[in-house]
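One structure is given here, and the rest of the page talks about it.
Each chain gets a letter, A, B and so on, in the order the sequences are listed, and its residues count up from 1. Please read all numbers here as calculations on a predicted model, not as lab measurements.
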Amino acid sequence: MKLATFNINGVKARAETLGRWLEQARPDVAVLQEIKSVDEAFPRALIEDRGYHLETHGQKGFNGVAILSTLPLHNVTRGLPGDETDEQARWIEADIGETGLRVCGLYLPNGNPAPGPKYDYKLAWMERLKARATALLAEERPLAFAGDYNVIPQPMDAARPEAWRQDALFLPDSRAAFRRLEALGLYDALRLRRPEPGLYSFWDYQANARGRNDGIRIDHWLLSPQAADLLLDCWIETEPRDWDKPSDHTPVWVDLAA
DNA sequence: ATGTCACTTCATAAGTGA
């Protein structure tokens, strides 16, 4: 079963790209971030006409996540627990058919500028993510936490790490919080299969970053031990970043024996 | 420092967020 995470940077602006990608790549499951749409305005037919079940969690203008699957989606949860006052749409969970796998789709706060209230929100959100992961891990089942983490885990995950030293995506506190997720027993799926440097999932629209391969790896799959045992492969699909009207991110895939 | 893109608004240019 092949699953992808894709920050599409606007589901309405990306309709043609997304339709093409679904037809060519045919993921069994995909989590989307930055849909930038309320649920009522989501182009559902774009997904459903291609044979997918769809659950969305959007808001007006920015943020917003979704999950689509060829198998039915059960027990859907919207919003990251831990703060009832948080109105930002960044989290959705669902069980995938009868596979036993639960997928959590996330769009972690960017956090810039740092320091400041946006960075405080990022770190608090990561603490809530850790709490949610801890609760789910107690179930000792296959879990996949996938999405745009807005964290560069290691210097090798950036073409120019020195350019990110002061950025919320690479500050020590951000990386430490990511490391604490791994310390719970979660596995960075890409690094289980691809140890080499130079693997990126995001290239800025500006300054020809894609052409210069000035990228960073910020879209990740974190797997519970039970899911890591099912991992066949993990890779980054770079081609969609070079299509017309691309997102600034590109899909990251896992293949699970589920 | 700049660049680029999507989306929003007491809209048609300027802001926010990334």
Discussion item. Under 3.5 Å, is there a donor on one side chain and an acceptor on the other for A:Asp83 and A:Tyr121?
Written reply: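 Judged by distance alone, the side chains do not pair up.
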Fill in: First encountered from the 5' end of DNA chain B, between A:Arg212 and A:Asn9
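Counting from the 5' end, the first nearest nucleotide belongs to A:Arg212.
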Fill in: Along DNA chain B (nearest heavy atom to each residue), the more 5'-positioned of A:Asn150 and A:Lys60
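The residue closer to the strand's 5' end, by nearest nucleotide, is A:Lys60.
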Worksheet item: Rest of the hydrophobic cluster containing A:Ile47 (Ile/Leu/Val/Met/Phe/Trp/Tyr, side-chain heavy atoms under 4.5 Å)?
Response: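 Cluster partners of A:Ile47: A:Phe6, A:Ile8, A:Val11, A:Leu18, A:Trp21, A:Leu22, A:Leu32, A:Ile35, A:Phe42, A:Leu46, A:Tyr52, A:Leu54, A:Leu68, A:Trp235, A:Trp243, A:Trp253.
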Discussion item. Using a 4.5 Å cut-off between side-chain heavy atoms of Ile, Leu, Val, Met, Phe, Trp and Tyr, which other residues end up in the same hydrophobic cluster as A:Trp203?
Written reply: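 Under the 4.5 Å side-chain rule, A:Trp203 groups with A:Tyr200.
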Roughly how far apart, to the nearest Å, are [N] and [M] at atom [atom1]?
N      : M      : atom1 : result
B:dG3  : B:dT8  : C1'   : 22 Å
B:dC10 : B:dG15 : P     : 14 Å
B:dA14 : B:dA1  : P     : 23 Å
B:dT2  : B:dC7  : P     : 24 Å
B:dA11 : B:dA6  : P     : 23 Å

Got a sec, which residues hit salt bridge (Lys or Arg N to Asp or Glu O under 4.0 Å) with [X], two or more places apart in sequence or on another chain?
X        : result
A:Glu40  : none
A:Asp86  : A:Arg128
A:Asp242 : A:Arg210
A:Arg180 : none

Fill in: side-chain contact (heavy atoms from CB on, under 4.5 Å) involving A:Pro115 - partner list, sequence neighbours excluded
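If we apply the side-chain contact (heavy atoms from CB on, under 4.5 Å) test to A:Pro115, skipping adjacent residues, there are no hits.
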Item to complete: May I ask you to list the residues of residues 110-124 of chain A, by number, that have any heavy atom positioned under 4.0 Å from an atom of DNA chain B?
Response: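 Residues of residues 110-124 of chain A under 4.0 Å from DNA chain B: A:Asn110, A:Lys118.
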Worksheet item: Does any residue of residues 200-211 of chain A have a heavy atom under 4.0 Å from DNA chain B, and if so, which ones, in number order?
Response: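 Residues of residues 200-211 of chain A that come under 4.0 Å of DNA chain B are, in numerical order, A:Tyr205, A:Gln206, A:Ala207.
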Discussion item. For residues 84-109 of chain A, which residue pairs pass the ring pair (Phe, Tyr, Trp, His ring centres under 6.0 Å) check, not counting sequence neighbours?
Written reply: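 Pairs touching residues 84-109 of chain A that pass the test: none.
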Discussion item. Under the salt bridge (charged side-chain N to carboxylate O under 4.0 Å, His left out) definition, can you give me all pairs with a residue in residues 65-79 of chain A, not counting sequence neighbours?
Written reply: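 Non-adjacent pairs meeting salt bridge (charged side-chain N to carboxylate O under 4.0 Å, His left out): A:Glu55-A:Arg78.
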Discussion item. Within the 4.0 Å heavy-atom criterion, would you say A:Arg90 contacts the bases, only the backbone, or no part of the nucleic acid?
Written reply: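 Touches sugar-phosphate only.
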Worksheet item: Quick one: do A:Glu139 and A:Arg141 make a salt bridge, cutoff under 4.0 Å?
Response: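 Answer for the salt bridge query: yes.
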Practice prompt. Identify the 5'-most and 3'-most nucleotides of DNA chain B with at least one atom closer than 4.0 Å to a non-hydrogen atom of chain A.
Written response: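 Under 4.0 Å from chain A, the extent on DNA chain B is B:dG3 to B:dA18.
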